[in-house]
Amino acid sequence: MSTVQQPDPRDRPARLTVGVVGAGRVGPALAASLQLAGHRPVAVSGVSDASRRRAALLLPDVPLVRPAEVLERSDLVLLTVPDDVLPGLVEGLAETGAVRPGQLLVHTSGRYGTRVLDPALRAGALPLALHPAMTFTGTPVDVQRLAGCSFGVTAPEELRLAAEALVIEMGGEPEWIAEESRPLYHAALALGANHLVTLVAQSMELLRAAGVEAPDRMLGPLLGAALDNALRSGDAALTGPVARGDAGTVAAHVSELRRHAPQAVDGYLAMARATADRALAHGLLKPELAEDLLGVLSGETPGPPGTHGTEGDAG
């Protein structure tokens, strides 16, 4: 028999009716997660066929209605629309009188804190910014991935406990982000996650061009190890020809990319320069090897192989 102390239902926050404005990949998943915690999704708005399908998949039997009606029915409203749409949406909802005093209004934009909700605040809403640091697919797997997911949280001090409670109920971990730090926080996530997808997709394309039949199978263990090492050791995990100062190898890479994938050259050079700077700063790249390497990255031809002896790993 389990001896684990079960939470008393009386200790839970009051159960809320939940609405979603913008049935993209994020909103239905968060609402489904809140439903598992005992809250009740009651309305969702979505325009495209894809958004309607997502709502039907993750929130079956929840009616699709206009945004104003979502607010009318809901104690807690998730505004899950693109960043550039959010300010105009908030202003419009406030101007039309759709916002109710005491209503929790939550947006999931990484870019904004709670100031973007000021028009709704003036109408009496309670503003929260809860951004899940997760990539979403628009399928039920997203609900599972919220377990242990960090949320970038910005809220007025008096709503701090409410924000924490909602994140924890969704299985997440609240991480407090100052209002003025939201754009930097979001840029950091985009740099790591969004650009990673681009890099991996380019790498798979090049491997296919080189004759590799299953680039995903080849890259999986390598990228998994690289990610794990980077998270554990930071810059100390840097390996490869740039960190070693193998200017000739880097020059060969650039030459092949110009021939077979010219669209990838600028990205390769930019990342190689950033890698070289970090390797130099952390003592991984020897200064006497950096000159030839940086010359290659600026378009110069390297000297003959073996000019500088190198030590280190291959690959």
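Checked by atom type and distance alone, the side chain of R15 pairs as donor or acceptor with a backbone atom of A37 at under 3.5 Å. Within the 3.5 Å criterion, the main-chain N or O of G113 finds a donor-acceptor partner in the side chain of H107. A donor-acceptor pair is defined here as one N or O able to donate and one able to accept, closer than 3.5 Å; no such pair exists between the side chain of R54 and the backbone of G138. Proximity of a side-chain donor or acceptor of D142 to a complementary backbone N or O of T137 within less than 3.5 Å is detected. Remark: the backbone N or O of A225 is paired with a side-chain donor or acceptor of N229 at under 3.5 angstrom. A donor-acceptor pair under 3.5 Å is formed between the side chain of T275 and the backbone N or O of M271. Between the side chain of S74 and the backbone N or O of V70 there is at least one donor-acceptor pair closer than 3.5 Å. With hydrogens and angles disregarded, no donor-acceptor distance shorter than 3.5 Å links the side chain of S203 to the backbone of L199.
Around atom CZ of R273, more than 12 heavy atoms belonging to other residues, nucleotides or ligands sit under 6.0 Å away.
Only one option out of V20, V90, V106 pairs with L79 in a side-chain contact (heavy atoms from CB on, under 4.5 Å); it is V90.
Side-chain contact between F151 and P132 is present, with heavy atoms from C-beta onward closer than 4.5 Å. Between V18 and R40 there is no side-chain heavy-atom pair separated by less than 4.5 Å. Proximity of I177 to V153: side-chain heavy atoms (C-beta onward) are nowhere separated by under 4.5 Å. For the pair L269 and V265, the minimum side-chain heavy-atom distance is below 4.5 Å. In this structure, E179 and R115 have side chains that are in contact, with non-hydrogen atoms separated by less than 4.5 Å. With a 4.5 Å cut-off on side-chain heavy atoms, L76 and T17 do not count as touching. A heavy-atom distance below 4.5 Å is not found between the side chains of L104 and V77. Residues D216 and M204 meet the side-chain proximity criterion, which asks for heavy atoms closer than 4.5 Å.
Closest of all the heavy-atom pairs between A276 and L294 is CB-CD2, 4.1 Å. Nearest heavy-atom pair, Q103 versus D75, reported as atom, atom and distance to 0.1 Å: CG-O, 3.6 Å.
Distance CZ/R25 to CE/M134: 14.0 Å, rounded to 0.5 Å. Note: F136 CZ to T108 OG1 = 8.0 Å, rounded to the nearest 0.5 Å. One finds the CG atom of L280 at 11.5 Å from the CG atom of D235 (value rounded to the nearest 0.5 Å). Interatomic distance, L16 CG to L166 CG, rounded to the nearest 0.5 Å: 7.0 Å.
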Name the atoms and distances for all side-chain donor-acceptor pairs under 3.5 Å in residues 43-50, with sequence neighbours left out.
| unit_1 | atom_1 | unit_2 | atom_2 | d |
| --- | --- | --- | --- | --- |
| S45 | OG | G22 | N | 3.3 |
| S48 | OG | S51 | N | 3.1 |
| S48 | OG | S51 | OG | 3.2 |

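The pair D84-R111 meets the salt-bridge criterion, with a side-chain N (NZ, NE, NH1 or NH2) lying under 4.0 Å from an Asp/Glu carboxylate O.
Considering only residues two or more places apart in sequence or on other chains, L227 meets the side chain to side chain contact (heavy atoms under 4.5 Å, CB included) condition with L231. Legend: residues meeting salt bridge (charged side-chain N to carboxylate O under 4.0 Å, His left out) with E256, ordered by chain and number and at least two apart, are R259.
Between H186 and Y112, the gap from one ring centroid to the other reaches at least 6.0 Å. For Y268 and H253, the ring centers sit closer than 6.0 Å to each other.
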Requested in this report: Kindly indicate, with the supporting measurements, whether the criterion side chain to side chain contact (heavy atoms under 4.5 Å, CB included) is fulfilled by H131 and L189.
Outcome: CA-CA 11 Å; H131 174 253; L189 294 180; 3.6 Å; yes

